[in-house]
Peer 1: 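I'd like to ask you about the structure that follows.
For the numbers below, each heavy atom of this structure counts, side chains included, while hydrogens, waters and symmetry mates do not. Numbers here are sequence positions counted from 1.
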Amino acid sequence: MVGGGEEKAWPQIKQLAEMDVAEGHFAAGNCRRQKKDFAKADEEFAKALESNPKSSELIYDIGDYAAKRAEPELLLAVADSGERAAPGDPRGQFYRGVALSEEKPGGRCIQAAYAR
């Protein structure tokens, strides 16, 4: 949301969410991220992924955020969502690998990877 403050962004985010739920949560997550409210950004990005986004670019933008913040569970959700949206895109495997490399031994992501 270029050219305005947060108070201008929220009505636009709401309109966007009415058109595409995943895009709305993604925009809200980016707004929270810009304000350094990472807990709320994480929630919005998780909701975006749960909304079955169609855009692999949206999905893997969330992956970039999760990789920078070393969040293996969000990275695994990105990989799953990305592989559903674009099965031939190798970024799903990349983010799955990043998730596994970021997690502590015995973590849920490692267990989930072996269950596949």
Peer 1: Is the closest side-chain heavy-atom distance between L74 and L49 below 4.5 Å?
Peer 2: yes

Peer 1: Who pairs with R69 by salt bridge (charged side-chain N to carboxylate O under 4.0 Å, His left out), at least two apart in sequence or on another chain?
Peer 2: E71

Peer 1: Check each of L75, L76, V78 against R96 using the side-chain contact (heavy atoms from CB on, under 4.5 Å) test, and report the only one that passes.
Peer 2: L76

Peer 1: What closest approach, in Å, do I59 and S81 show between heavy atoms, and which atom pair accounts for it?
Peer 2: CD1-OG, 3.5 Å

Peer 1: Please name all residues satisfying side chain to side chain contact (heavy atoms under 4.5 Å, CB included) with A41, sequence neighbours left out, ordered by chain then number.
Peer 2: R32, R33, F45, Y65

Peer 1: Looking only at heavy atoms, what is the nearest atom pair of P53 and A48, with distance?
Peer 2: CD-O, 3.2 Å

Peer 1: Apply side chain to side chain contact (heavy atoms under 4.5 Å, CB included) to F94 and list each qualifying residue two or more places apart in sequence or on a separate chain.
Peer 2: V98

Peer 1: Holding to side chain to side chain contact (heavy atoms under 4.5 Å, CB included), I want the full list of residues that pass it with S51, two or more places apart in sequence or in another chain.
Peer 2: V21, A22, H25

Peer 1: Which residue pairs pass the salt bridge (charged side-chain N to carboxylate O under 4.0 Å, His left out) test with at least one member in residues 36-52, sequence neighbours excluded?
Peer 2: none

Peer 1: Could you pull out the closest heavy-atom pair between L16 and E23, with the gap in Å?
Peer 2: CD2-O, 3.6 Å

Peer 1: Quick one: pull up NZ in K68 and CZ in F38 and give me the separation to the nearest 0.5 Å.
Peer 2: 11.0 Å

Peer 1: Identify, with sequence neighbours excluded, every residue that meets side-chain hydrogen bond (donor to acceptor under 3.5 Å, both in side chains) alongside D64.
Peer 2: Y95

Peer 1: Of all residues at least two apart in sequence or in a different chain, which pass the side chain to side chain contact (heavy atoms under 4.5 Å, CB included) check with D89?
Peer 2: S56, Y60, A86, R91

Peer 1: Taking the side chain as everything from C-beta on, heavy atoms only, tell me whether I13 gets closer than 4.5 Å to C31.
Peer 2: yes

